[in-house]
Amino acid sequence: MGEPDLPAVAGPLYALPLTEFVAARAAAAKGVLAAGPATDELRSLAAAVRSLAKPSLAAWAVNMLAAHHPAILQELASLGASMRAAQSAMDAAGLRSLGQQRRRLLASALETVRTVTEQQGRRISGPAAAEVEQTLRALTADQGAADAVRSGLLLRSLTADGLDAVDLLGALAVPGSPAAGRESGRPAGQPLLRAVQPAPRAHAPAARERAAAGLKAAEQAARAAAQTADHRGQDHADAAARVTRLADEVRTLQEALTRTADELKQARKEHALAEAEAARSMRAAGLARRQEVLATERVLRLGNTPEQ
């Protein structure tokens, strides 16, 4: 049985709940030393294990996706490859369709992240959720980022600007563990737009700088527009859900109002009937009282009249 290596030891550590990482790292380092005679290699490996950095909250959340739902990352990576192929072919319609598909997949992936991290004892929201989303976007924009995310060894979140390769410096617990540049036809680490665009003709430096600045501005505007569209889409979904909920409440209240109105109508009928019965009873009681008085008077008269 061969000696353990750093990726083999690190992988299970970064798949653990975040609160268990530090204790598990110390136990793993001891386990390395207990794996065999205390060779220089094992001592070096144990030291490397002890030096493994704890991931950020957002990076840990993405690692949980890699550990528990790798098929989601595979689907996003495949979609990213399709988007780059469409970019290379200048297929604008295809890019629009793929962009819509990416928004749906990202929304679904974020929901899965929230679920799996809650199951592991942490809630992801706010800035951490935004970092998770930008990391998943970077996955679709760059093959190196896709390999890094799918390794499950992220230490920090990733960002992509569409111009340069995603910066992976300090992003992985074990640098170089994911295979780089596996995408057919694209050199490792080559920026997306530089890889897919035809080689430009030589221009003067100033013209190239202006063109690059214009391209960067256009990319930033496109990203901002996409983010705004995502937010507006979420606002629309939230508003639609609220309208549905309120409409259901209105229907429930209308049904309750109808039932109450019917009950009130019936109660009024019963009240009118009871009132009429009470009036008749009072008249009958009055008549009986008058008859009682007349009878009393007659008895008195008869008692005062001398017998003949």
Side-chain angles (χ1 to χ4, degrees), residues 1-78 80-81 109 112-113 115-122 124 128 131-132 135-136 138-140 142-158 165-184 187-189:
M1 182 175 179
E3 292 183 348
D5 58 16
L6 187 57
V9 177
L13 293 177
Y14 288 92
L16 292 172
L18 192 57
T19 54
E20 298 179 13
F21 178 83
V22 173
R25 179 181 59 190
K30 292 180 180 179
V32 167
L33 292 175
T39 63
D40 290 342
E41 289 78 6
L42 283 181
R43 283 192 290 268
S44 177
L45 177 58
V49 171
R50 284 192 294 270
S51 67
L52 288 171
K54 185 177 180 180
S56 70
L57 180 58
W60 170 79
V62 176
N63 290 339
M64 291 301 96
L65 204 58
H68 298 279
H69 298 279
I72 293 177
L73 299 182
Q74 174 60 49
E75 189 173 10
L76 284 169
S78 297
T112 302
V113 166
T115 299
V116 72
T117 53
E118 285 185 13
Q119 292 171 348
Q120 300 299 314
R122 293 296 295 267
I124 301 298
E131 289 183 36
V132 169
T135 298
L136 296 179
L139 177 157
T140 64
D142 181 88
Q143 183 61 38
D147 293 336
V149 169
R150 291 168 61 193
S151 75
L153 298 172
L154 280 184
L155 296 178
R156 62 170 176 82
S157 58
L158 305 179
V166 174
D167 180 15
L168 298 178
L169 183 63
L172 290 171
V174 185
S177 53
R182 290 184 296 189
E183 186 179 5
S184 177

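Annotation: the span from W60 atom CH2 to L155 atom CG amounts to 15.0 Å, rounded to 0.5 Å. In this structure, CG in L65 is found 4.5 Å from CG in L73, a value given to the nearest 0.5 Å. We find the CG-CG distance between L153 and L172 to be 6.5 Å, quoted to the nearest 0.5 Å. Atom CD of residue E75 and atom NE2 of residue H69 lie 13.0 Å apart, to the nearest 0.5 angstrom. The distance from the CG atom of N63 to the CZ atom of R150 is 14.0 Å, given to the nearest 0.5 Å. For the atom pair CD of E131 and CG of L158, the computed distance is 10.5 Å after rounding to the nearest 0.5 Å.
In this structure, a donor-acceptor pair under 3.5 Å is absent between the side chains of Q119 and T115.
The two atoms that bring P37 and L42 nearest to each other are O-CD1, 3.1 Å, heavy atoms only. Annotation for V9 and A28: closest pair CG1-CB, 3.9 Å, computed over non-hydrogen atoms. The two residues A165 and D142 have their closest heavy-atom pair at CA-OD1, 3.6 Å. Of all the heavy atoms in R156 and L169, the pair that sits closest is NH2-O, 2.8 Å. Here the closest heavy-atom approach between residue S56 and residue S157 is recorded as OG-N, 4.3 Å. Smallest separation of non-hydrogen atoms from P12 and A8: CD-O, 3.1 Å.
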Does the side chain to side chain contact (heavy atoms under 4.5 Å, CB included) test come out yes or no for L18 and K54, once each step is laid out? CA-CA 8 Å; L18 192 57; K54 185 177 180 180; 3.8 Å; yes
Step by step, work out the side chain to side chain contact (heavy atoms under 4.5 Å, CB included) result for L6 and L45. CA-CA 7 Å; L6 187 57; L45 177 58; 3.9 Å; yes
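Scanning for salt bridge (Lys or Arg N to Asp or Glu O under 4.0 Å) contacts around R43 gives D40, with sequence neighbours left out.
When each of L136, T112, V113 is tested with I72 by the rule side chain to side chain contact (heavy atoms under 4.5 Å, CB included), just one qualifies, namely T112.
Although no hydrogens or angles enter the test, the distance criterion places a donor-acceptor pair under 3.5 Å between the side chain of R25 and the main chain of L52.
Using a 4.5 Å heavy-atom cutoff, the side chains of S44 and E41 are not in contact.
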